[in-house]
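Computed from a predicted model, the values in this text were never measured in an experiment. Numbers restart at 1 for each chain; the letters A, B, ... are given by sequence-line order, proteins then strands.
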Number of protein chains: 2
Amino acid sequence: MAALERVNGVALWRQIADSIRQSIASGEYSGTIPPETLLAERFGVNRHTVRAAVSALSREGVLRSERGRGTFIIRQDSYVFPISRRTRFSEGLSEQARVFDGALLGADQEMADAALARRLSLEAGAPVIRLETLRRADGIALSRATSWFPAGRFAGIADAYREEGSITRAFRRLGLADYVRRETEVTASHASPDDCLALGLSAGAIVLVAQSLNTDLDGVPVQYAVTRFAADRVRLAMDTG
Amino acid sequence: MAALERVNGVALWRQIADSIRQSIASGEYSGTIPPETLLAERFGVNRHTVRAAVSALSREGVLRSERGRGTFIIRQDSYVFPISRRTRFSEGLSEQARVFDGALLGADQEMADAALARRLSLEAGAPVIRLETLRRADGIALSRATSWFPAGRFAGIADAYREEGSITRAFRRLGLADYVRRETEVTASHASPDDCLALGLSAGAIVLVAQSLNTDLDGVPVQYAVTRFAADRVRLAMDTG
DNA sequence: GATGATTTGTACGTATGTATT
DNA sequence: CAATACATACGTACAAATCAT
């Protein structure tokens, strides 16, 4: 594998670890991964380097090595987040997780900058409420979101969310019975130190970043959110059938 | 901060380079990027580390530094891929790129394994045609896709695609006038060596992985595809308004 | 034009991580 | 496990080009 060279700022063992993870996800291996010596030969590296890769995956909870027996694949749960006009994370997940909750990490009032004001159809500098929230399923952090709401219309949103643990229910409490998702834009990037802390990720992990806009039934924006999903625990599903 | 690399396997400067590239793509910067000292402070690293990141991006043709003046953005390539029931990549992109084309990297006939057969509503072991394709905009590789088609119905799909450069037109040529996207599932992972080669990415880059199913108007599956997008050049947009 | 602030370029030193032998 | 060569990251200092005043 000539492509594996250390010139790009990514350690060989990390590239090999990612390759192994990929092979596991694609079903190429089942039960155990091949022996270290075989992998070393296949990747064209020293056995020590393969060991470093396996060690990293073990730390991340993907593999478990047993002396004399082999290295076993630990199945990890992955959650599907539906994205549609009627997206309700809490409802979509309730079938997959036994315990599902949202926590309020922080709240603040600030002034909308030009880009945010445009998205929420407000005047630049208009007051908005920012919520930092965390979603968990069965005790595992899945996503953290930063949401902005027009401050005039949703003054008590922070308290409402804190007590309800759900945007849908917080909206309902403030008199907004229904809302729809107008648009979602998905990208991906490396997890920031903040992401790692909040989501319990190892440094260098990947997050799916979704920017979304919700409106009321008259098309008036009620929430703009940037949500960061732990990419190895979550799939985003768009049903367009 | 030096400890980051130990846990991670991805060099700090590489993570910062990716982050800068992401910010450029998302339109956060325009014209120039912030000064090195400011970026260093913002990322919490030494100025040299930022310089290593900028240096890498300069080698890749994204940035150009001028002493005393600043660091200028050369390529600000960000393409939005719409995902909807009527997704037509070629149509959605034609407004954003001057030159847009699809190339056939390879084609093969194989037998559907259990998972693929289920997705295409075929018997396990049924013959399918696999296409490896690459999409470019203005000469820049945006995505590579592996697609499977029922071999019985779309025998000449490889030749048709090779000559048309588009799935939509290849389908039309084989008598399928129209089709719809039924579902799409999005995840993200590190770029494999193959991805790096095909998409011109640096090791450690991120790809958005979309698994999608297309059906004809009667709901019969016609194509299952796994598409790998260069995450720093592409945003996936779901319009649910 | 001169001055100082800003910004990128260069150099040296130190410590630690990475990968092979 | 040790030795080795190279990459990564920080720290400090100063030089050179540009820009606002």
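The CZ-P distance, from Phe43(B) to dT8(D), rounds to 18 Å in whole Å. Between the P atom of dT18(C) and the CZ atom of Arg14(B) lies a distance of 16 Å, rounded to the nearest Å. Spacing between atom CD1 of Ile16(B) and atom C1' of dA9(D) amounts to 10 Å, rounded to whole angstrom units. Taking atom CD1 of Ile33(B) as the reference point, atom P of dT7(C) lies 12 Å away to the nearest angstrom. Rounded to whole Å, atom C1' of dT20(C) lies 16 Å from atom CZ of Arg51(A). With rounding to whole Å, Glu36(B) atom CD is found 11 Å from dT10(C) atom P. Taking atom CH2 on Trp13(A) and atom C1' on dT18(C), their separation rounds to 10 Å, with Å as the unit. Between Leu39(B) atom CG and dC10(D) atom P there is a gap of 14 Å when expressed in whole angstrom units.
OP1 or OP2 of dC10(D) has not a single side-chain nitrogen or oxygen of Arg47(B) nearer than 4.0 Å. Regarding contacts with the backbone of dG11(D), a side-chain N or O of Asn46(B) is found under 4.0 angstrom from either OP1 or OP2.
No more than 12 heavy atoms of other residues, nucleotides or ligands lie within 6.0 Å of CZ in Arg51(A), so this atom counts as exposed by the packing criterion. Around atom CD of Glu123(A), no more than 12 heavy atoms belonging to other residues, nucleotides or ligands sit under 6.0 Å away.
Of the candidate nucleotides dT20(C), dT10(C), dT18(C), dT20(C) has the atom lying nearest to any side-chain atom of Thr49(A). Side-chain proximity of Leu12(A) to dT20(C), dA17(D), dT8(D): nearest is dT20(C).
Remark: side-chain polar atoms of Asp113(A) are paired, donor with acceptor, to backbone N or O of Leu116(A) under 3.5 angstrom. Distance alone, capped at 3.5 Å, is enough to place a donor-acceptor pair between the Gln15(A) side chain and the Val10(A) backbone.
For the pair Glu132(A) and Arg130(A), the salt-bridge criterion is met [side-chain N within less than 4.0 Å of a carboxylate O]. With respect to the salt-bridge test (charged N to carboxylate O, under 4.0 angstrom), the residues Arg14(B) and Glu60(B) qualify. A salt bridge does not link Arg47(B) with Glu41(B): none of the charged nitrogens is closer than 4.0 Å to a carboxylate oxygen.
With the nearest nucleotide of DNA chain C identified for both Pro34(B) and His48(B), Pro34(B) has the one nearer the 5' end.
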Tabulated below should be each protein N or O lying under 3.5 Å from an N or O of nucleotides 19-21 of chain D; please produce it.
| unit_1 | atom_1 | unit_2 | atom_2 | d |
| --- | --- | --- | --- | --- |
| dC19(D) | OP1 | Arg69(B) | NE | 3.1 |

